[in-house]
Amino acid sequence: MVSADDGSAADASSDDSLRSGVGRRLTRRRLLLAGGVALGAWGVGRMRTAAPTATATPDGTWPVAGRDATRTSAARGATPPSAPSVAWRQRPVPAVDSLVVGPEQVYVGSQRRDNRAPQVAALARDDGTVQWTEQAPGTRLAYADGAVYATGTAADERDTDDREPPYGSVARLDATTGETRWRRPVRDRGERLLLSRRTVYVGSHSGLEAVSRDSGRRVFRGQTWGAPTTPLLVDGSLVLTGGRVGKYGARRWSEVVRKRLPTPVWTRNPVGYTLDPVVVTDATSGSELIATGTLGMYNDDVQTVRAHALSDGTRRWNAVDAASRADPTVVKELCAAENRLFHALRTGTDAQRRRALVCREATTGTLQWRASFSNWLRAVVVAGDLVLAGTRWDGVSPAGPGEVEAGASTDDTPPPGRVTAFTLDGEGRWRVPISGSVAHVVPVANRVFVGTDDASYGGRTARPGQVIALE
């Protein structure tokens, strides 16, 4: 006779054994599942999104500062006039802080001044008729696919000195009507602007923010270095300059989820800030270089112009151009055409100040030619076979390389700014007085559009906010 206890015990033993086996199998399944999920998450986290693609730059347009995503500031297809005259002149905004040109209209922006809100305006390309004016951030503009993107100080800001971030905004406007499609805050005053097919990149002293072109939804935000962060797009890679130079690849999915800046492929930290980058081509190897200017204040080791290889960040060359290595030196307004690199140079103090338009060989940085100016060069661009230089309060303008001509300014009348044209080899061609402080020069087709800001001379401001079409 088998006792119930024994039988129960036997049955219980059998059930426990079964449950134990099932438990072990479930545990293994859970472990395998958890491991698979973790491995999948790790794999997904390391997967990358598609590389960013720059928007096209149609012929006969200048849709963004620098003209294109590599900031060449060159319109080789343009046919600028040989003896310019004024086709039309308008004053749509208090000061022209940004100027871009679409297929049919010229768009200008004016940042906040005193109690005046920032503005964006559209003018007809053919006769300058103002099409619309909108209260919107106006420090930087970009045009693409029937829309104008604008960034700068927030349009509704009242007292930025006492406010916490965000200080600025970015907005999308309808290019035909000026109607605001969306507007989003950004952490700092937007100072640089670039578009890809899907994304708006806003650079500032705080770093870089990216938002969706369609909705304005934030894509990522990242802190970078020092000076205003300037973005470029080169062969599917994002390149940033400011305090450093860095190349960034496509973002990992983990960075997408966390809305973080992509992981850098490489970064370099040259002395001084890196300003106004441009992509040039090494004529020997055919590889691409990132050339940058600088802001160096009383530094004994300032290379005024530098070029790094896009592939790995190796410095290919640098140039030192200052009367004394202890002089404050600024190199800006870089532009590139063929194997030439052009830039504006400002160095020295007081009576020892020097300002010049400089041409270098892009592969090695070797000096090709230089033209001296008595005042600041605010814009340097290539138009067809000419290089154009716009000056701020140019009381003395060069008639050609090494030559200067005295201006007709007096203490009572501010001297005019000018646009001066040289061949790519440095031969002077023409100069045109503008009656204002030239801030932007934009060559498109057979015209040159000029914008003036509100820079003062002896406490006076002459005709700010002008847009002039030369033909």
Side-chain angles (χ1 to χ4, degrees), residues 65-66 71 73 97-98 139-140 191-192 203-205 224-230 232 240-245 268-278 280 290-308 315 317-336 341-360 362 365 367-381 387-398 417-418 420 437-441 453 455-457:
R71 292 179 57 90
S73 293
D97 294 308
S98 54
T139 304
R140 284 291 182 270
E191 298 174 74
R192 302 291 187 267
S204 69
H205 274 78
T224 49
W225 332 276
T229 299
T230 303
L232 301 86
L240 303 180
T241 69
R244 301 179 186 178
V245 182
R268 297 293 179 268
N269 190 17
V271 176
Y273 294 127
T274 53
L275 305 177
D276 289 2
V278 62
V280 298
I290 306 296
T292 58
T294 191
L295 168 62
M297 300 300 292
Y298 305 101
N299 194 305
D300 290 335
D301 188 28
V302 172
Q303 301 94 33
T304 55
V305 192
R306 295 160 287 215
H308 292 82
R315 191 171 69 186
W317 57 261
N318 64 268
V320 178
D321 192 345
S324 163
R325 291 174 71 87
D327 279 344
T329 303
V330 182
V331 172
K332 294 189 66 179
E333 324 302 343
L334 276 68
C335 70
L341 173 69
F342 303 92
H343 66 81
L345 169 70
R346 311 169 195 168
T347 187
T349 57
D350 302 325
Q352 302 301 315
R353 286 178 181 154
R354 294 187 301 136
R355 296 182 173 95
L357 171 63
V358 179
C359 175
R360 298 185 182 278
L367 179 66
Q368 300 292 299
W369 57 266
R370 175 199 312 256
S372 296
F373 287 74
S374 68
N375 253 315
W376 286 12
L377 280 80
R378 297 293 305 284
V380 178
V381 299
V387 56
L388 308 180
T391 50
R392 167 183 178 177
W393 297 138
D394 194 8
V396 181
S397 268
R418 285 188 174 93
T420 305
S437 176
V438 175
H440 299 276
V441 178
D453 64 11
S456 62
Y457 174 85

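Computed from heavy atoms alone, side chains included, the values below leave out hydrogens, waters and symmetry copies.
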**Asked** How would you list, by chain and number, every residue that makes a side-chain hydrogen bond (donor to acceptor under 3.5 Å, both in side chains) with Arg140, sequence neighbours excluded?
**Response** none
**Request:** Determine the minimum heavy-atom distance between Ser98 and Thr139, stating which atoms define it.
**Result:** CB-O, 3.4 Å
**Prompt:** Side chains of Trp369 and Leu357: does their closest heavy-atom pair fall under 4.5 Å?
**Reply:** yes
**Message:** Strictly distance-based, threshold 3.5 Å: is any side-chain N or O of Arg354 a donor or acceptor partner for the main-chain N or O of Ser372?
**Reply:** no
**Thr274 and Arg306 side chains, donor-acceptor separation under 3.5 Å** = no
**Asked** Can you tell me how far OG1 of Thr230 sits from CG of Asp276, rounded to the nearest 0.5 angstrom?
**Response** 6.5 Å
**Prompt:** With a 4.5 Å heavy-atom cut-off, do Thr292 and Tyr273 have their side chains touching?
**Reply:** no
**Asked** Do Arg355 and Arg392 have side chains that get closer than 4.5 Å, going by heavy atoms?
**Response** no
**Message:** Do Leu367 and Val358 make a side-chain contact, defined as non-hydrogen atoms from C-beta onward lying under 4.5 Å apart?
**Reply:** yes
**Fill in**
So CD1 of Ile290 and CG of Leu240: to nearest 0.5 Å the spacing works out to 10.5 Å
**Request:** For residues Val380 and His343, determine if any side-chain heavy atom of one lies less than 4.5 Å from a side-chain heavy atom of the other.
**Result:** no
**Request:** Using distance alone, with no hydrogens and no angle criterion, decide if Ser437 and Asp453 have a side-chain donor and acceptor under 3.5 Å apart.
**Result:** yes
**Request:** Output the distance between atom CZ (Arg315) and atom NE2 (His308), rounded to the nearest 0.5 Å.
**Result:** 6.0 Å
**Prompt:** Can you tell if the side chain of Val381 reaches within under 4.5 Å of the side chain of Cys335, non-hydrogen atoms only?
**Reply:** no
**Asked** Of all heavy-atom pairs between Trp317 and Ala362, which one has the smallest distance, and what is that distance?
**Response** NE1-O, 3.0 Å
**Polar side-chain atom of Thr229 near backbone of Gly242 as donor-acceptor pair, under 3.5 Å** = no
**Item:** From CZ (Arg346) to CG (Leu377), nearest 0.5 Å
**Value:** 7.5 Å
**Asked** Is a donor on one side and an acceptor on the other found under 3.5 Å between the side chain of Arg378 and the backbone of Ala439?
**Response** no
**Nearest non-hydrogen partners of Val280 and Ala291, listed with the distance** = CG2-CB, 4.5 Å
**Asked** Taking only residues two or more places apart in sequence or in another chain, which ones pass side-chain hydrogen bond (donor to acceptor under 3.5 Å, both in side chains) with Arg71?
**Response** none
**Asked** Which heavy atom in Ala336 sits nearest to a heavy atom in Val278, and how many Å separate them?
**Response** CB-CG2, 3.9 Å
**Fill in**
CG of Leu275 to OG1 of Thr294, rounded to nearest 0.5 Å, is 6.0 Å
**Prompt:** Atom CD of Glu333 and atom CG of Leu345: how far apart are they, to the nearest 0.5 Å?
**Reply:** 12.0 Å
